[in-house]
**Q** 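Below is one structure. I have some questions about it.
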Amino acid sequence: MTENDASVQSDAVDDTGTDHRAFWADEVADKIETRDPAEPITIKGGVSPSGVPHIGHLNEILRGYFVAEALRDRGYTVEQVFTSDDKDRLRKMPRTLASLDGEIVGLDDVDAGALGQNLGKPLTDIPDPFGCCSSFGAHQTELLRKSAEAMGVPINVVSNTELYAEGAFEAVTRTVLEHRERAREILTDYQEKVDDTYVPFIPQCESCGHLTETVTAIDLAEGTVDYVCDAVTAGDRVIDGCGHEGTATLREGKLPWRFEWPAQWTILGVDFEPFGKDHASGSWPSGTEICQELLTTEPPVPMVYEWFTYNGAALSSSSGHVITVNEVLSMLEPEVFRYFFTKDPKRARDFDVQRLDQLVDEFDRFESTYFDRVDVTDRERAIAERAYPMVVDSVREDRVRIPYTFAAVLGMTDDRKLRASMARRSGHLPDDAPEWVVDDALARVEKARTWAVQTDNEYNYRLAESLPDISVSENEAAALDSLADFIERENPDGETLQQHIYDIAREHGIEVGDFFELGYRLFLEQPQGPRLGPFLAAVSQSFVVRRLRRERTPME
RNA sequence: GGGCUGGUAGCUCAGUCUGGCAGAGCGUCUGGCUUUUAACCAGAUGGCCGGGGGUUCAAGUCCCUCCCAGCCCGCCA
């Protein structure tokens, strides 16, 4: 995230002398570098902000981020821009929406009519159903901006609508219309339904505000097109036009996506852009051809990324199967989620919430690799050396990570002191750790706790703050008292205590399993739990003793 | 139908561009005093590298072919 330590700059040139790079972002950076780009180097991403922004959209930001960092590390000035393609038409109702604080809501909870009555218009010409932004498009763009911010990626968010309004597209639009014959020819190689009537400009009806497609005349001298506001098809449905016949300037409308994308490259001078596999065999090749033949500019260095799935199924804004950046960051530290994006973009990846612990463990290992604390392959080391500094806010070797599942266990109490002391007593936090290390380590507890609650998995315990209502036999009572005495007297470590629990159970003729269960019920109000000895050893001694004696004193 | 991208251990994935002993983590199993108890440690287990064919001294890796999944070839991104 910050300046890299010069000592870890890795040229990653292997001993065969070829320029194979361990980290994919360096391979991309190589390609950009060989084109001798003007500074600042421009890296772009972008989405049409019509549904709830989800973690898949983050590819457009994070993939570029790592390339940007790789280039910055080589001394280049890099600007990362993100176009919100907010002049796009709203073509159907999203199933869910998100408030500015990332809360997902159904259509019932907002002024859905604001959207429904405005199908066919640009997103930025539709009122915000939440009423908080200047338009629905602005609201959606703000969500994306906040996602990038939450991920700690500095990007310049550019509104497409504003680019049109300030005339940034005008020259390119003119060029495209001048060469509309050639434009049509190019497109027919990629799309079947491009016919003689195709015009690469979509005017906006001055009467109803819809983006319409029936252009009847083009006057380039005047810089206008005439149109009829006919119905347009959007997906499987038809959006009616108002029938108005009018004239639009080249700013009063937009380019079709296939032209808009290369136009953005040209206007913004884009050197690199990552895109999803949906573009790979469609708008990317047509876009490059349009760039080179019509606009006589060079398309950016491309990179295709595979899509994520979420809990095994495709992410889909329209169906509502989404997980937002906010939701992820309630369960993961930002650096862990950034780490997720360092993995090979060409690989389809599932974001599996049930197994977030695995991702976090992997991150911890990645961190340990950087600090040379684990035995790994050369390749793993090379990637960690390169990518780790880009992933964390600052490189600090004395940082301590509590294992994620154990952090979830610590979430059994809300008491910060108790969390810290349990972490210390269990050996996951050094006694002399400075305050910032403790804060940092414990930051994971809330995240892991949220994960445990959300997935309701086996780490979702709650420390019973008051004495659970359970009955114990005389025999069991004696055993519990004896255990309490032992703990009070010996202050044993976890393993000693674990051993002693067995001994006491046997001494009192209680089934070992039953005695453990009793212990779990007493402390967790559940029949099972973590290894009881180490667990009780980690909790405050006086609390444990009182609880074992079934005293109704409040927790300290 | 045509094209693009993937398919490696039970799971998550490295390794494929540039051919050289099939890898890691997790899980599982076993052990850690007479002990089922989710956090620890040690060891072990784990594979038709999607199938088949070819090139090569040597193929997970290169070539051909087939199967499976996703995407594009309408709109939109």
**Q** Given U36(B), G25(B), C76(B), which nucleotide is nearest the side-chain atoms of R91(A)?
**A** C76(B)

**Q** Considering Watson-Crick and G-U wobble pairs with both distances under 3.5 Å, what does C71(B) pair with?
**A** G3(B)

**Q** So Y520(A), base contact, sugar-phosphate only, or nothing? Heavy-atom distance under 4.0 Å.
**A** base

**Q** Under 4.0 angstrom, heavy atoms only, what part of the nucleic acid is Y190(A) near: base, sugar-phosphate, or nothing?
**A** sugar-phosphate

**Q** Take atom CG of D361(A) and atom C1' of C13(B), then tell me their distance rounded to the nearest Å.
**A** 14 Å

**Q** Using a cut-off of strictly less than 4.0 Å, decide whether R349(A) has a side-chain nitrogen or oxygen near OP1 or OP2 of A14(B).
**A** yes

**Q** Starting at CZ of F351(A) and ending at P of C13(B), how long is that distance when rounded to a whole Å?
**A** 12 Å

**Q** Where does the angle between the aromatic ring planes of F406(A) and H428(A) fall among parallel (under 30°), tilted (30 to 60°) and perpendicular (over 60°)?
**A** tilted

**Q** So Q191(A), base contact, sugar-phosphate only, or nothing? Heavy-atom distance under 4.0 Å.
**A** sugar-phosphate

**Q** From CD of E511(A) over to P of U34(B), roughly how many Å is that when rounded to an integer?
**A** 18 Å

**Q** Pick the C1' atom in A9(B) and in C17(B), then give their distance to the nearest Å.
**A** 25 Å

**Q** For the side chain of E27(A), counting heavy atoms from C-beta on, which of C72(B), U12(B), C17(B) is nearest?
**A** C17(B)

**Q** How is G529(A) classified with respect to the nucleic acid when contacts are heavy atoms under 4.0 Å: base, sugar-phosphate, or nothing?
**A** base

**Q** Under 4.0 Å between any heavy atoms, over every strand shown, what does S48(A) touch: base, sugar-phosphate, or nothing? Just pick one.
**A** sugar-phosphate

**Q** For the pair W261(A) and W284(A), name the ring-plane relationship: parallel under 30°, tilted 30 to 60°, perpendicular over 60°.
**A** perpendicular

**Q** Is the side chain of R444(A) donor-acceptor paired with the backbone N or O of A407(A) at a distance under 3.5 Å, no angle test?
**A** no

**Q** By nearest atom, which of the nucleotides A24(B), C72(B), U12(B) is closest to the R355(A) side chain?
**A** U12(B)

**Q** Could you tell me how the ring of F337(A) sits relative to the ring of F341(A): parallel (under 30°), tilted (30 to 60°) or perpendicular (over 60°)?
**A** perpendicular

**Q** Classify the nucleic acid contact of V409(A) as base, sugar-phosphate or nothing, counting any heavy atom under 4.0 Å across all strands shown.
**A** nothing

**Q** Base, sugar-phosphate alone, or nothing: which one does K343(A) contact when heavy atoms must sit under 4.0 Å apart?
**A** nothing

**Q** With side chains defined as the heavy atoms from C-beta onward, is the minimum distance between E260(A) and N160(A) less than 4.5 Å?
**A** yes

**Q** Identify which nucleotide among U36(B), C72(B), A14(B) has an atom closest to any side-chain atom of R379(A), counting heavy atoms from C-beta outward.
**A** A14(B)

**Q** Pick the nucleotide of RNA chain B nearest each of E260(A) and K277(A); which residue has the one closer to the 5' end?
**A** K277(A)

**Q** On RNA chain B, compare the nucleotides closest to G513(A) and D344(A); which residue's is nearer the 5' end?
**A** D344(A)

**Q** Using only modelled atom types and a 3.5 angstrom limit, is any donor from either the side chain of R347(A) or the base of U16(B) paired with an acceptor on the other?
**A** yes

**Q** Mind checking W307(A) for me? I need base, sugar-phosphate or nothing, with any heavy atom below 4.0 Å counting as a touch.
**A** sugar-phosphate

